[in-house]
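What follows is a set of notes on a single structure, which appears directly below.
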Amino acid sequence: MSDYLPEEVVLEILHRVPVKSLIRFRCVSKSWNSLITNPNFINSHLTQSLSLSPNSNKLIVRHCTSRPNTEHYKLFHDNNDSSFEQIQQLEFPLTTRRIHHFMLVGYVNGLFSFHEQDRFILWNPSVRKFITLPKPRINAKTHGHVSTHLALGFDPKTNDYKVVSLAFPCNNHRLPEIPMVEVYSLSEGSWRITNAGDSFPPWTSFNNYLVPEASLNGAVHFAAHDGKTFSPLVLSFDLGDEVFGVISVPKAAFSASDDVHTSVIGGLLSLLCHDARKDTVNKRCSIWVMKEYGVVDSWTKLFTVDLNGEILRVLGMRKNGHILVHTNVPGDWELSSYDPESQQVKKLGICGRQNYFCVDNYMENLVLLDKPNDVVSRRGRKRKCRLTANEERVRMLQEVRCMLQKTIQHEERFRHLQASILHQETILLPVQEAVQHQQETILQQHVEEMLKSGLEETDTVKSRLLVLIQQLSGQHLGLCYNVN
């Protein structure tokens, strides 16, 4: 690893290096590339990131606009003062197929989860990686029409991200409804139907299907109520033991008709309780936190926000004690900051469609770095990744080089051709220097020459290249071109 420092010292240093620098360091040597993309290093780096996360002063904001339909992801400094400065705008690599915007399952410890119908995606913006999950085993074809309630969670015991799907059969004659519970594990790479439904409290109904659920202490938390007594409650699902539990809420904190969702504020389980009755004169939102997890008596009301003016919804809290809220603007909602002491609202200039906002602490990690983009088959089983090992990637690229050198005499022109082919087929992630238009012209000229030559050797090159491009499509080739 190094001629001057012991390997354990190098590891300790690398654990403290920003993710962007680690991605660049993969080009130092094969051994460093192998180390940084090793699942064990990714896991230990995640542990280090989790320990630093509470002190982060960065927020990630998601907002969606129409005409055209676009999803925006931005990073902001969230300091103790009133400033809210944008740091960076992140490129979102995905487009929906059937709907205007992806439905957000959740954002937990640096990882986003989205879905549109039965298409599920995990995306890590800090490493610019996403994967498409296999299709759930429970679907309309196998179990009839179902209504699903989804959540993204993190299991700290195993450092594993999990997507939880509660599938309720759409059959009014089967009451009380007990869900079929399916869990996707990132470490296992597959969905698994569990017996968790056996512990599901009968007659439980959920309050809100549009807002992501809170992930905390190895469990996901749903705002719900008892369908018989209409008593509000928090339903927890333990990601390790895969059992449901009930957490009582403060008496008279909210009613079953209120718009309530769970959140995490300052590392504490929280409830945002919006008065949903349109005819109520004094509409408001109360913010509750559970200061000691699992202890009902520790529920404490932090603030009550007046909703009779320009404020529509509450999103969360800032480090300076101000409250992030939605305010109304013509045709859209705007992200704003509300000072509960002065009761002043400061608009932040971030507008978007309602129900598509997300604001959370930003955390960098290397999760998904060791996985190729989008390599899942229709049946939900992983395709055999043809190019996962760095040695195999290098071997195949060398083979391409040797075959092309038979027909292209100058090595410099070969490199331009190779880079253009890789760029056109979207094999590489964004390259360090954008491929110049002149290189694309050279590529077209070479292809025309190859087609016109009619040489048997050229035809062989073309056929072999097509096979290699199919094999390499969508995968990171382990080169340095994609480092920014």
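Sorted pairs that involve residues 208-224 and meet salt bridge (charged side-chain N to carboxylate O under 4.0 Å, His left out), not counting sequence neighbours, are lacking altogether. Among residues at least two apart or in separate chains, ring-ring contact (aromatic ring centres under 6.0 Å, His included) pairs with a member in residues 288-310 are His221-Tyr293.
Salt bridge Glu188/Lys162: absent, no basic N to carboxylate O contact under 4.0 Å. The pair Glu91-Arg128 does not meet the salt-bridge criterion, since no charged nitrogen lies less than 4.0 angstrom from a carboxylate oxygen.
Here the side chains of Phe200 and Thr204 are in contact, with some heavy-atom distance below 4.5 Å. In this structure the side chain of Ile265 reaches within 4.5 angstrom of the side chain of Leu272, judged on heavy atoms. At a threshold of 4.5 Å between non-hydrogen side-chain atoms, the residues Leu166 and Val164 count as touching. With a 4.5 Å cut-off on side-chain heavy atoms, Lys371 and Leu186 count as touching. Counting heavy atoms from C-beta on, the side chains of Thr327 and Trp333 never come closer than 4.5 Å. Looking only at side-chain heavy atoms (C-beta outward), Thr194 and Glu182 stay at 4.5 Å or farther from each other. Put simply, the side chain of Trp123 reaches to within 4.5 Å of the side chain of Pro93, judged on heavy atoms. Side-chain contact check for Ile193 versus Val183: every heavy-atom pair is 4.5 Å or farther apart.
Dense packing is recorded around NZ of Lys347, with more than 12 heavy atoms of other residues, nucleotides or ligands lying under 6.0 Å away. Heavy atoms of other residues, nucleotides or ligands lying less than 6.0 angstrom from CD of Glu341 number 12 at most. More than 12 heavy-atom neighbours from other residues, nucleotides or ligands sit within 6.0 angstrom of CZ on Arg353.
The heavy-atom pair separating Thr96 from Glu71 by the smallest distance is CG2-OE2, 4.5 Å. Contact record, Leu152 with Ser113: CD2-CB, 3.8 Å, taken as the closest heavy-atom pair. Of all non-hydrogen atoms in Gly106 and Pro212, the two that sit nearest each other are CA-CB, 3.9 Å. For the residue pair Ser49 and Glu364, the shortest heavy atom distance occurs at OG-O, 3.0 Å. Contact detail for Leu22 and Ile36: the closest heavy-atom pair is O-CD1, 3.4 Å. The heavy-atom pair separating Asp275 from Lys283 by the smallest distance is O-CE, 3.5 Å.
Side-chain contact of Ser66 with Asn69: a donor-acceptor pair under 3.5 Å is absent, judged by distance alone. Residues Thr37 and Asp370 bring no donor and acceptor atom of their side chains to less than 3.5 Å of each other. Between the side chains of Asn365 and Ser126, not a single donor N or O lies within less than 3.5 Å of an accepting N or O. Side-chain polar atoms of Ser270 and Ser263 form no donor-acceptor pair below 3.5 angstrom.
Taking the six-membered ring where tryptophan is involved, the planes of His45 and His15 are tilted, since the angle between them lies from 30° to 60°. Ring-plane geometry between Tyr73 and Phe112 is classed as perpendicular, the angle between the planes exceeding 60 degrees on a 0 to 90 degree scale with a lower cut at 30.
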- Mind running side-chain contact (heavy atoms from CB on, under 4.5 Å) on Ile87 and Lys58 for me, showing each step along the way? CA-CA 9 Å; Ile87 307 170; Lys58 293 181 182 179; 3.9 Å; yes
- Message: Working note: Ile60 + Leu90, criterion side-chain contact (heavy atoms from CB on, under 4.5 Å); need CA distance, chi angles, decisive distance, verdict.
- Response: CA-CA 9 Å; Ile60 186 166; Leu90 303 172; 3.9 Å; yes
- Message: Using the rule given for ring pair (Phe, Tyr, Trp, His ring centres under 6.0 Å), can you reason through Trp191 versus Phe120, listing the C-alpha separation, both sets of side-chain angles and the distance that settles it, and then say yes or no?
- Response: CA-CA 11 Å; Trp191 292 91; Phe120 287 81; 5.4 Å; yes
- Message: Assess the residue pair Lys135 and Asp118 against the criterion (salt bridge (Lys or Arg N to Asp or Glu O under 4.0 Å)); give the C-alpha distance rounded to whole Å, side-chain angles, the decisive distance to 0.1 Å, and a yes or no.
- Response: CA-CA 6 Å; Lys135 291 186 177 181; Asp118 59 354; 3.5 Å; yes
- Item | Stepwise ring pair (Phe, Tyr, Trp, His ring centres under 6.0 Å) check, His149 with Phe222 | CA-CA 10 Å; His149 201 59; Phe222 306 87; 5.3 Å; yes
- Task: Take Phe84 and Asn79 through the test side-chain contact (heavy atoms from CB on, under 4.5 Å) and record every step on the way to the result.
- Result: CA-CA 7 Å; Phe84 197 74; Asn79 300 315; over 6 Å; no
- Item | Tyr362 vs Leu59, side-chain contact (heavy atoms from CB on, under 4.5 Å): CA-CA, chis, key distance, verdict | CA-CA 5 Å; Tyr362 179 66; Leu59 291 178; over 6 Å; no
Output side-chain donor-acceptor pairs under 3.5 Å for residues 312-319, partner residues at least two apart or in another chain, one line each.
from, atom 1, to, atom 2, distance (Å)
Arg313, NH1, Asp259, OD2, 2.5
Arg313, NH2, His261, ND1, 3.4
Arg318, NE, Asp78, OD1, 3.0
Arg318, NH1, Ser337, OG, 3.1
Arg318, NH2, Asp78, OD1, 3.4
Arg318, NH2, Ser83, O, 2.6
Lys319, NZ, Ser56, O, 3.2

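Rounding to the nearest 0.5 Å places CH2 of Trp203 at 12.0 Å from NE2 of His225. From Leu150, atom CG reaches atom OG of Ser165 across 5.0 Å, with rounding to the nearest 0.5 Å. Annotation: the span from Asp332 atom CG to Leu335 atom CG amounts to 12.5 Å, rounded to 0.5 Å. Considering CZ of Phe206 and OG of Ser147, their distance stands at 9.5 Å, rounded to 0.5 Å.
Under a 3.5 Å cut-off, the side chain of Tyr161 and the backbone N or O of Leu122 do not form any donor-acceptor pair. Remark: side-chain polar atoms of Glu334 are paired, donor with acceptor, to backbone N or O of Gly349 under 3.5 angstrom. A donor-acceptor contact shorter than 3.5 Å is absent between the side chain of Asp241 and the backbone of Val243. Checked by atom type and distance alone, the side chain of Arg16 never pairs as donor or acceptor with a backbone atom of Ile13 at under 3.5 Å. The main-chain N or O of Cys64 is never found under 3.5 Å from a side-chain atom of Thr70 such that the two would form a donor-acceptor pair. Looking at Ser44, its side chain does come within 3.5 Å of a backbone N or O of Asn40 through a donor-acceptor pair. Judged by distance alone, the side chain of Asp160 and the main-chain N or O of Ser187 form a donor-acceptor pair under 3.5 Å. Side-chain atoms of Ser21 never come within 3.5 Å of backbone atoms of Val17 as a donor-acceptor pair (strictly under, hydrogens ignored).
Checked options Leu111, Val19, Leu50; the residue passing with Met363 is Leu50 (criterion: side chain to side chain contact (heavy atoms under 4.5 Å, CB included)). Tested against Met290, the residues Val295, Ile247, Val234 include a single side chain to side chain contact (heavy atoms under 4.5 Å, CB included) partner, Ile247. Screening His72, His63, His101 for a ring-ring contact (aromatic ring centres under 6.0 Å, His included) with Tyr356, the sole residue that qualifies is His101.
Side-chain rings of His115 and Phe102 stay apart, their centers remaining 6.0 Å or farther from each other.
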